[in-house]
J.: 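Handing you a structure now.
Order of appearance sets the numbers: ligands from 1, and atoms from 1 within every ligand. By convention here, the first residue in the shown sequence is residue 1. Just so it is clear, the values below take in all heavy atoms, side chains as well, and ignore hydrogens, waters and symmetry mates. On a predicted model such as this, the values are computed, not experimentally measured, just so you know.
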Amino acid sequence: MKFHITKKEIQALLDWYQKEKRDLPWRHTTDPYRIWISEIMLQQTRVEKVKKYYERFILELPTIEDLAKVKEDHLLKLWEGLGYYSRARNLKKCALEIVQKNLKTFPETKEELMKLPGIGLYTAGAILSIAYHKCIPAIDGNVLRILSRIEEDPRDLLNEKVKNEYLIHLEKLMEPSYARDFTEAFIELGALVCLPNGTPVCQKCPFQQICQSFQNQTMLKYPHKKVKNARRKEEKTIYVLEYNEKYCIQKRKKSGLLSGLYELPNVDSFMTKEMLNTFLQTKKEQIEKIQELGKFHHVFSHIEWEMTVYLVHLKSPNHHKFYSKKEIETTYSLPTAFQKIFIKLK
Ligand code: ADE
């Protein structure tokens with residue numbers, strides 16, 4: 001395939017980036033540890049949200065040795081609300097591996113980096129280009145969107161062969177002196193100009209002259225989308241157990257969705273207040289009162305939860321462990337699906 005981007009267009013992109021770039025906390029460092037943390041956080045989460053999490057994380061765990069030593073519950077608390085918690089677990093695994101192998105810091109080749117937990121082609125490229133000034137591109141969905149529009153490329157861009165073609169071409173356009181800005185500039189263009197939803201801001205785009213889809217006004221047709229599977233809908237009944245102004249939370253199973261995090265007690269079906277009352281009596285709970293808190297909804301990547309929520313005041317603690325609101329807020333990682341409910345409790 002003949003590509004339209006040459007070094008001339010890259011210079012225009014870098015000039016545009018110098019003028020337009022956002023001031024983001026991870027753009028003030030070349031520490032590979034910090035670049036890595038920011039890239040992992042940014043994989044599934046918006047920049048504005050990541051900023052706060054990133055700054056707190058770096059303040060509490062400033063080095064890879066600190067991360068390797070951190071207790072799982074503390075790590076998950078720092079991650080609470082970011083979602084995709086396997087990212088946090090992989091961070092720790094990766095830090096442990098680097099420290100235990102006495103590597104001191106991240107390796108400087110794509111092959112070595114990609115052997116580490118949670119580091120794929122994109123993250124390896126980001127660390128190598130941003131922290132080490134290596135000519136290895138970081139191609140994520142945002143970069144592929146820009147490229148598919150420039151080339152009016154109808155192919156499936158997640159296909160490894162297709163991605164590889166772009167990788168090889170971009171690599172030829174990179175120089176160590178601007179490897180970092182090259183990566184950041186593509187990210188920035190995807191975030192500020194070549195937008196995924198809504199109309200791209202083509203009048204500001206440094207690639208306008210060569211962009212095939214701009215010439216033909218077909219921007220919104222690219223990238224070609226595969227039809228996504230619909231999310232599975234699940235009904236749940238959440239029953240918040242309260243005793244003496246403290247609440248029961250429990251650890252989730254070690255596998256599956258939100259594994260190992262904390263949860264509010266729940267069952268996998270819809271229950272009326274009367275059904276719940278009967279169910280709790282079979283569990284020997286001493287119920288004072290059950291209050292309906294209404295419906296709550298939460299969307300994960302592949303599943304949606306429709307939650308019917310009750311607050312159950314107990315007369316005795318039974319065998320449960322109860323925690324104050326403050327303890328739960330400061331110490332235990334309660335995923336957003338449950339936080340939504342928890343913050344509504346008086
Ligand atoms: N998304 C992924 N990586 C990013 C970065 N370094 N800056 C801003 N947004 C990003």
J.: For Glu234, which residues count as a salt bridge (Lys or Arg N to Asp or Glu O under 4.0 Å) partner, sequence neighbours excluded?
T.: Arg232
J.: Mind checking whether Asp153 and Tyr222 have side chains closer than 4.5 Å, heavy atoms only?
T.: no
J.: When the aromatic ring centroids of Phe296 and His298 are compared, is their separation below 6.0 Å?
T.: no
J.: Quick one: are the ring centres of Tyr33 and Phe106 less than 6.0 Å apart?
T.: no
J.: Is there a donor-acceptor contact under 3.5 Å linking the side chains of Glu175 and Ser177?
T.: no
J.: Is the distance between the ring centroids of Phe207 and Trp16 under 6.0 Å?
T.: no
J.: Taking non-hydrogen atoms within less than 4.0 Å of ligand 1, which protein residues qualify?
T.: Leu24, Trp26, Arg27, Glu39, Leu42, Val47, Tyr122, Glu184, Ile187
